[in-house]
Engineer: 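One structure follows; several queries about it will come next.
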Amino acid sequence: MIREHRSREKLEGYYRKFVEEGVLDPNVHPWVAESWLKSRELGIGTEKMDVSRKLPKEEFTVLQAKNQDAIDYLSGLSEDIREFFQEYNLSLLLIDSECRVLKSYSLPFYQMTPGEIEGVRVGVEDVGTSSISVAYAHQTPFWMFGPEMWVKECQLGDACSAPIKVNGEFHYIITLVSMEQVPMPQDAIIALLLTMKNALEAHLTESVRIKAEEAILDATPFAVYHVMPGGEVAYANRLGHTRLEGIGAKKQDDKKCTSNLNDVIMNYQHTPIYKGFNGVPSYNKEVTWITPKKTYEDITTVVPLERDADRAVESVVVVSMPIEDLRTLVAHAAGYTAKYSLNSMVGEGTTFASVRAKAARVAKNKHHVLIQGEAGTGKQRMAHGIHQASPRAAGPLITLRCGDATPEILEQELFGIVMGPDVSHQGRLELASGGTLFLDEIEKMPRSIAVALAKALKTGKTHRIGETVERDIDVRIIAACDSDLKRLTERGLFAPELYEIVSKSVVRVPPLRSRREDIPKLADHIISELAEQHQMKPKRILPETDELLKHYDWPGNIKQLQSVLEYAFFNTAKDTIAPDDISLMGDVKPDNKWKEDKDVFVKAWQAAGGNVSRLANLLNVSRVTLYRYLKKYNLEKK
């Protein structure tokens, strides 16, 4: 980099000898000689600098905007040493990786105004040999004496250029140029250039790191804050700003809003943030925030940042996740997502095709949905499909069977419960916020619970059993009912308040006997799923078997078809399923001891759909005999 001082007369002689005679003196620096040869080969003029390859004003404005960070940083550096520049008549240039001048600082470069030189290309292909072209070619700082410049009007002063690299990648060149021959402290100027180079590289490297860290923080599902002792928010990531805006924080500019937390959090002095300034950290603590706009809960971590000397806390870092976001994250991690799409529901007949088309339309609106149909018709799969086809598909799909628990447990499961001062469990209603709550067997929901649910859905607020704190919810209900919910409501057996809400959109799933044309395809689909699930070779259902399946009434609908085919699949040694392989009662056979075993009889009774005549045919016994056993096992005849 540092070259010993050379006689200008000798350098001028070397230059004239090469330009006029084509003779290259061996005393010329090898890199300069290499560049001279290239300049002559390219036919670059030697008299004046060519500034014709200049970007239009609009394009140059865009280019400067892309490099504004480097431009502004170098501007600050040059401003601090302006007197030094003036004393030695120096100019500073910032040049991009394509050798285009981004900014001219201090004095005019080559006696040109900044407007003339900015946007101009100054590579070897444009202006011939210069310290810029040599530093660019060899990616190292280089000092060039005036007579070594290719263009004569640039030979009045010397120049020094250095490449700027960020994480090992070339980005810019900075150049110091003297305008005239005045005694200069060459070592000082080189040191100055290297200092500016190192400072700019460090700044740009740090900028890249900060941008990466900000991108990471903005992508996290956590709100992150840096809070000062007075409650001022010095930094917040994207989610943090959104949360602050949501509670009324003042906007600082178009992108960010900051505020003093004392102004927007009414219980600030009782939060872990306030305690953090006393040196008390908190980790994954459930915190209630009371603001003028709303009350909500977070899972919050607070880390005090101490001064090393006196261990006084100078600020705290806060990481929090909204409870509603945590619920969604947990729901996805626990697999609370739709497993089936509407397209996965097999059926090409006109009966089912119209139902599926209606379900697709219903999925797009915002109404709650009621799915009605006999047991085993695929209401749960339909609910999954509606959720997946809805705008809420990214949210959780939570299921609650209303007939599986006592009224007390059902209420706790639905709304959540407070177990103690520090133990509180959210209910399925909260867990489903932002997504869908599928209520199976909704007709079995006790009236009092149904009324409370209707109120929560209307107000968009709920509270856990044992507390008064209200929480916002945003839930779509998909309810399933085996019977006619409207008739049950008219008979006073179901809460009209909830029926009014869930019955805005009704999808009726037909029984399997009403869509017999779909049975062969359904059967093939079931066999394929079984083979894939158990990694076994698929089996072909014979046409005569299809006919047998089509002519059965299937009181248990698709669920019963699934059970029958599953039994045939695992108990048939052949690659085909023949009519003889089909047992309409699944693993219950006429020779089973159903007369002594109630469980066996009940399975047969369920397979027959509770129909005495059908069961009599299946078991090959008289109706009178069956009536006796129905009475024995306390079963209701149809």
Side-chain angles (χ1 to χ4, degrees), residues 339-360 373-382 384-385 508-592 594 600 603-621:
K339 297 178 177 64
Y340 312 106
S341 67
L342 290 174
N343 290 333
S344 72
M345 301 188 72
V346 178
E348 300 304 326
T350 55
T351 301
F352 186 73
S354 63
V355 172
R356 187 170 53 199
K358 181 177 182 180
E374 295 179 5
T377 51
K379 296 187 294 298
Q380 183 174 10
R381 187 177 286 237
M382 179 70 76
H384 278 245
R508 291 180 172 84
V509 184
L512 193 53
R513 60 184 174 275
S514 297
R515 43 183 295 223
R516 297 179 188 274
E517 67 274 19
D518 292 330
I519 290 178
K521 285 192 175 182
L522 274 168
D524 284 338
H525 181 72
I526 291 170
I527 293 298
S528 297
E529 281 191 339
L530 287 170
E532 183 178 354
Q533 181 180 354
H534 297 279
Q535 298 181 342
M536 296 173 64
K537 185 179 179 181
K539 296 183 180 182
R540 184 171 63 89
I541 300 176
L542 296 177
E544 51 268 35
T545 308
D546 280 333
E547 289 301 313
L548 172 66
L549 298 176
K550 285 172 65 176
H551 287 88
Y552 182 59
D553 280 347
W554 298 108
N557 293 293
I558 297 175
K559 186 175 290 186
Q560 184 185 8
L561 177 64
Q562 169 91 25
S563 176
V564 167
L565 290 174
E566 187 170 335
Y567 180 82
F569 180 79
F570 291 114
N571 291 277
T572 301
K574 306 182 298 294
D575 291 338
T576 58
I577 297 177
D580 292 342
D581 300 317
I582 296 296
S583 171
L584 295 176
M585 292 187 296
D587 58 357
V588 179
K589 293 186 177 182
D591 59 355
N592 284 131
W594 54 270
V600 174
K603 290 177 71 174
W605 176 242
Q606 292 172 341
N611 185 286
V612 176
S613 297
R614 190 179 295 121
L615 182 58
N617 291 330
L618 290 174
L619 297 180
N620 195 25
V621 296

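We're numbering straight along the sequence, starting at 1. Just so it is clear, the values below take in all heavy atoms, side chains as well, and ignore hydrogens, waters and symmetry mates.
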Engineer: Just to verify, which of Leu549, Asn571, Thr545 counts as forming a side-chain contact (heavy atoms from CB on, under 4.5 Å) with Ile577?
Structural biologist: Thr545
Engineer: What pair of heavy atoms forms the shortest contact from Thr350 to Glu517, and how long is it?
Structural biologist: N-OE2, 4.1 Å
Engineer: Distance from Gln533 atom CD to Glu566 atom CD, nearest 0.5 Å?
Structural biologist: 7.5 Å
Engineer: Excluding sequence neighbours, so at least two apart, what forms salt bridge (Lys or Arg N to Asp or Glu O under 4.0 Å) with Arg516?
Structural biologist: Asp553
Engineer: When the side chains of residues 521-529 are checked against the rest of the protein, which donor-acceptor pairs come out under 3.5 Å, sequence neighbours left out?
Structural biologist:
residue, atom, partner, partner atom, Å
His525, NE2, Glu529, OE2, 3.1
Ser528, OG, Asp524, O, 3.0

Engineer: Say you draw a straight line from NZ of Lys379 to CD of Glu374; how long is it, rounded to the nearest 0.5 Å?
Structural biologist: 8.5 Å
Engineer: Quick one, Ile519 and Asp546 - any side-chain contact, counting heavy atoms below 4.5 Å?
Structural biologist: no
Engineer: Say you draw a straight line from NZ of Lys539 to CG of Leu530; how long is it, rounded to the nearest 0.5 Å?
Structural biologist: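 Going from the NZ atom of Lys539 to the CG atom of Leu530 covers 10.0 Å.
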Engineer: I'd like to know if the side chain of Thr572 and the backbone of Phe569 have a donor-acceptor N/O pair within less than 3.5 Å.
Structural biologist: no
Engineer: Any idea which heavy atoms bring Lys550 and Pro520 closest together, and the distance?
Structural biologist: CD-CG, 3.7 Å
Engineer: Keeping Arg515 on the side-chain end and Pro510 on the backbone end, is there a donor-acceptor pair under 3.5 Å?
Structural biologist: no
Engineer: Donor-acceptor pair, Asp518 side chain versus Gly349 backbone, under 3.5 Å?
Structural biologist: yes
Engineer: With a 6.0 Å cut-off on ring centres, are Phe570 and His534 close enough?
Structural biologist: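 Between Phe570 and His534, the centre distance is under 6.0 Å.
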Engineer: Do Thr377 and Met382 have side-chain heavy atoms sitting under 4.5 Å apart?
Structural biologist: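 Result no, sub-4.5 Å side-chain heavy-atom pair not found.
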